[in-house]
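The structure under discussion appears below in the form of C-alpha cells.
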Number of protein chains: 2
Amino acid sequence: MYSRIGGMALKKVNIGLLGLGNIGTGTYKALEMNKGLIAKNAGAELEITRILEKDVDRERGIYVDPAKFTQNPEDIFSDPEISIVIELLGGIEPATSFMLSALNAGKHVVTANKAALAENYEVLTEAAAKNGVSIKFEASVGGGIPLIEAITSSLTANEFTEVLGILNGTTNYILTKMSTDNASYETALKEAQAQGFAEADPTADVEGHDVANKLSILLSLVFGERVKPDAIPTTGITGVTKEQIEEAKAQGCVLKLIASAFKDSEGLHYFIQPTMLNQDHPLAGVNNEFNAIFIKGNAVGDIMLYGKGAGPLPTASAVLGDVISIAKRSL
Amino acid sequence: MYSRIGGMALKKVNIGLLGLGNIGTGTYKALEMNKGLIAKNAGAELEITRILEKDVDRERGIYVDPAKFTQNPEDIFSDPEISIVIELLGGIEPATSFMLSALNAGKHVVTANKAALAENYEVLTEAAAKNGVSIKFEASVGGGIPLIEAITSSLTANEFTEVLGILNGTTNYILTKMSTDNASYETALKEAQAQGFAEADPTADVEGHDVANKLSILLSLVFGERVKPDAIPTTGITGVTKEQIEEAKAQGCVLKLIASAFKDSEGLHYFIQPTMLNQDHPLAGVNNEFNAIFIKGNAVGDIMLYGKGAGPLPTASAVLGDVISIAKRSL
C-alpha cells in the first residue's frame, strides 16, 4: 500500500501493538511526535493500525482512534495488512505465546520483554528463523542504549572477553542516593518510589531478578551461551548498608549493582552482585537512573555505552529503532 | 565462490585493500586473528586478496603472500572477484579518486578516511547510491566506537538536538596529563609523543583539524547539514595553559577539547574549542587517549558512547564491522 508524504510516494507499513500501558503509550507518542522523520528514515510510513488492549478509556494524553482497539489478538495475527507486531505486554505469558503466533503468521516481532526473552530465547529466535522473519529486542536490555545493535552488528569482528553492566535504574538510583545523601537503604528506596524510579513492590528490581533477565539475554548475544535467569548467581541490594557505602568510599571506590560475565581458561563465569568499582572505572560515574554497559573485545578494547535504561520515551526510541530497521531492510 | 568451514558451505567474499600501513596492517591482523568468528558472523569467508601498497618489504609482524601486492589500483577495480574495497590510504587524494573508481566499478567501499569524507561527502555518497552499492565509514569518527551505526540505525527514531564529542585521542591525552601531572602543554606533548599518542608533527591533532573533519561528518549524519571542515570555527589546544587547567579544577570542572553542535530556534551551531565541563558531565571522566560522543535525542534523552578513538586494532574493529555488515546484508 502506498501513500504520499511531501511529494514522495512511500510504502505504508501497518503495525499491530500488543499492550497500550506506559511503554506502549510512549511508543505511540514517539511515533506521532517524530512521524515525518521516522517515515524518511524507514523509507515507509509507519502506522499502528490495531492495538490489543482492554483498557480503552484510560487517560493517556494522546488521541487513539477507538476503532483501533481489539481484545482479540487473532485480529492482529490474521490481519494480512499488518507486517510488524510490537509486543509491550511484559511478563512471560501470554506474551511468549502471542509472539510465537505473530512469528508463525509471518510477521516480524519487536519486543521490550526481557522476561519472555530470557525464559524462551531459543523458542522465539528459532520461530523467527523458521518463518523467515525477524525478532528484534533492542529495548529489552538497557532501554534506549543502542547496545544490542552494537554487539550484533558494529562489533561483530571481535571476540568478546568481558561484559560488565549497570542494567537497572531503580537500584542504581538507590545506591547513588545512599552514596551522595548518606541515606539508609530504606530512605533511599522511599525517595526512589517518590521520584517514580521504583515501583510500590520493588522486589524484582532490588533483588536483582530484572538484571538476571537482562544478563541472560546478554550471555546469549555476547558469548552464545544460553543460561536461564534463575541459574545466574544473583545478590540484590537489600542487604547493602550505609557502612558498606562508606567503606567503598574510603577505598576510593563506589558500590554499584554489577552484572558480570567474563571468559577465562576455565570457561564462562557470570554473576550479579553489589560490587566495589574503582573511581577511575568508566562505570563508576554512571549515576542515578542511568544504565551502562562496559564490554571488552579482542580488537576494539574497552567500549562503554551509556544512557537511560527505562522510561516510556527511551524505551520507545529502541522499539521504533528496531521497527525502522525492519521496515528499511526487510519490507 | 564457495568454500567450506566446519562442515558448512560458506560463500567467499574477496576484498581489495588500499594501503598496508599501520591501520591496514591492523585490519589484516584482526581478520586473521578472528577469522572463524568473522566468517560465522558475516555468513561468508572474507579474504583480502589484493593489496595496493608500494612498500612490500616492510616488517609488519604478519605474513602476507607477496603475490597479493600490486602497485596498480586498476588491478583491484577491474577484478571481478573483488566485491569490497577497503580504503586505508588516508588523505584526500588519491583516496577520493580511488574510492570513486571502486564505487563506479560496482564495489562496496569501507573507509576510515575522515579527511576524504569531510571534503567529498556528497560526491562519495552519491556515487555509492548511483551504483547501488554501499560506502561505510564507522572507523572515520571515534575509531572503534560504534557511533555511526548508532546514529544511522538504532537511534533513527529520534530528532537529535545536541552532539558533544571528545574526538581526538592525542589532545585528550595531553589535556589529561596537564591535569593529573600538573604538566605544561610542552611537557605533556612530549610525553604523548613518547607514548605513541602524538605524531612527530602534531599540528593536525593539536590545532583541531582532525576533529574538524570528524565534526563535519557528524553534522552530515546527525543534522543532515553539509559543512566543510574549514567552515567550522576551530580552536585547538596549543594555547591552553596550566593556569587554565587549574582554574577549571577550582570551579569543579575539567578542561576538554570539545566538538559541539546543537540546534536552537536560530538554527544549527557548531564549533570546536577547549571547554570547561562540569565534573558530573558524562564526558568529564573520559581520560587519556579515549574518545567519546554524547548525543541528545528527543525520545532517548542522553546517550554516551565511549571507547578507543584510534589505533590499528580498534580501527580494524570498525572497518571489519562494516565489511561484515556488507557481506551479511548485500552480498
Side-chain angles (χ1 to χ4, degrees), chain A residues 26 29-31 33-34 37-38 40-42 138 143-159 279-282 284-287 290 292 294-295 297-308 311-325 328-329, chain B residues 26 29-31 33-34 37-38 40-42 138 143-159 279-282 284-287 290 292 294-295 297-308 311-325 328-329:
Chain A
K29 269 185 196 167
L31 182 54
M33 173 172 83
N34 293 338
L37 172 95
I38 289 172
K40 189 171 139 253
N41 289 333
E138 181 66 78
I145 307 170
L147 62 90
I148 291 180
E149 180 84 10
I151 292 166
T152 58
S153 180
S154 316
L155 298 176
T156 45
N158 290 271
E159 185 177 334
Q279 283 284 7
D280 63 6
H281 192 283
V286 178
N287 288 321
F290 281 89
F294 175 88
I295 188 162
N298 72 341
V300 76
D302 298 349
I303 287 281
M304 184 177 76
L305 311 174
Y306 163 102
K308 286 194 179 148
L313 286 179
T315 307
S317 165
V319 167
L320 293 174
D322 281 346
V323 169
I324 292 168
S325 162
K328 197 162 65 173
R329 290 189 191 134
Chain B
K29 269 185 195 165
L31 182 55
M33 172 171 83
N34 293 338
L37 171 95
I38 289 172
K40 188 169 141 256
N41 289 334
E138 181 66 78
I145 307 170
L147 62 91
I148 290 179
E149 180 83 11
I151 292 165
T152 58
S153 178
S154 317
L155 299 176
T156 45
N158 289 271
E159 186 177 333
Q279 282 284 7
D280 64 5
H281 193 283
V286 177
N287 288 321
F290 281 90
F294 175 88
I295 187 160
N298 71 343
V300 76
D302 298 348
I303 288 280
M304 184 178 76
L305 312 173
Y306 163 101
K308 286 194 179 150
L313 286 178
T315 307
S317 166
V319 167
L320 293 174
D322 280 346
V323 169
I324 291 168
S325 165
K328 196 161 67 174
R329 293 190 189 133

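Atom set for the values below is all heavy atoms of this structure, side chains included, hydrogens, waters and symmetry mates excluded. Proteins get letters first, then strands, A, B, ... in listed order; numbering begins at 1 in each.
- Considering CG of B:Leu37 and CG of A:Asn298, their distance stands at 7.5 Å, rounded to 0.5 Å.
- With rounding to the nearest 0.5 Å, the separation of CG in B:Asp302 from OH in A:Tyr306 is 6.5 Å.
- Between chain B and the options A:Ala284, A:Gly285, A:Pro282, the largest number of non-hydrogen pairs under 4.5 Å is found for A:Pro282.
- In this structure the side chain of B:Ile38 never reaches within 4.5 angstrom of the side chain of A:Thr156, judged on heavy atoms.
- Side chains of A:Asn158 and B:Asn34: a donor-acceptor N/O pair is absent below 3.5 angstrom, by distance only.
- Of the listed residues A:Gly307, A:Gly26, A:Pro146, the one with more heavy-atom pairs under 4.5 angstrom with chain B than any other is A:Pro146.
- Heavy-atom minimum distance, A:Ile145 versus B:Ile303: CA-CD1, 3.9 Å.
- The residue among B:Ala292, B:Ala42, B:Ala299 with the most heavy atom pairs within less than 4.5 Å of chain A is B:Ala299.
- Taking the side chain as every heavy atom from C-beta outward, B:Glu159 and A:Met33 never approach each other to under 4.5 Å.
- Among A:Ala157, A:Gly144, A:Gly321, the residue making the largest number of heavy-atom pairs under 4.5 Å with chain B is A:Ala157.
- The candidate with the highest count of non-hydrogen atom pairs below 4.5 Å against chain B, out of A:Asn41, A:Leu320, A:Val286, A:Ile295, is A:Asn41.
- Among B:Ala30, B:Gly301, B:Pro314, the residue with the largest count of heavy-atom pairs under 4.5 Å with chain A is B:Pro314.
- Heavy atoms of B:Thr152 lying under 4.5 Å from chain A belong exclusively to its backbone.
- Interface remark: B:Leu305 contributes backbone and side-chain atoms alike to the contact with chain A (heavy atom separation under 4.5 Å).
- Between the CG atom in B:Asp322 and the OG atom in A:Ser154 there is a gap of 7.5 Å [rounded to 0.5 Å].
- Contact annotation for A:Phe294: neither backbone nor side-chain heavy atoms come within less than 4.5 Å of a heavy atom of chain B.
- Residues B:Arg329 and A:Ser153 have side chains in contact (heavy-atom distance under 4.5 Å, counting atoms from C-beta outward).
- Comparing A:Gly311, A:Gly143, A:Ser317 by heavy-atom pairs within less than 4.5 Å of chain B, the highest count is held by A:Ser317.
- With a 4.5 angstrom heavy-atom cutoff, B:Lys328 touches chain A only via side-chain atoms.
- Interatomic distance, CD of A:Glu138 versus CG of B:Leu155, reported as 8.5 Å (0.5 Å rounding).
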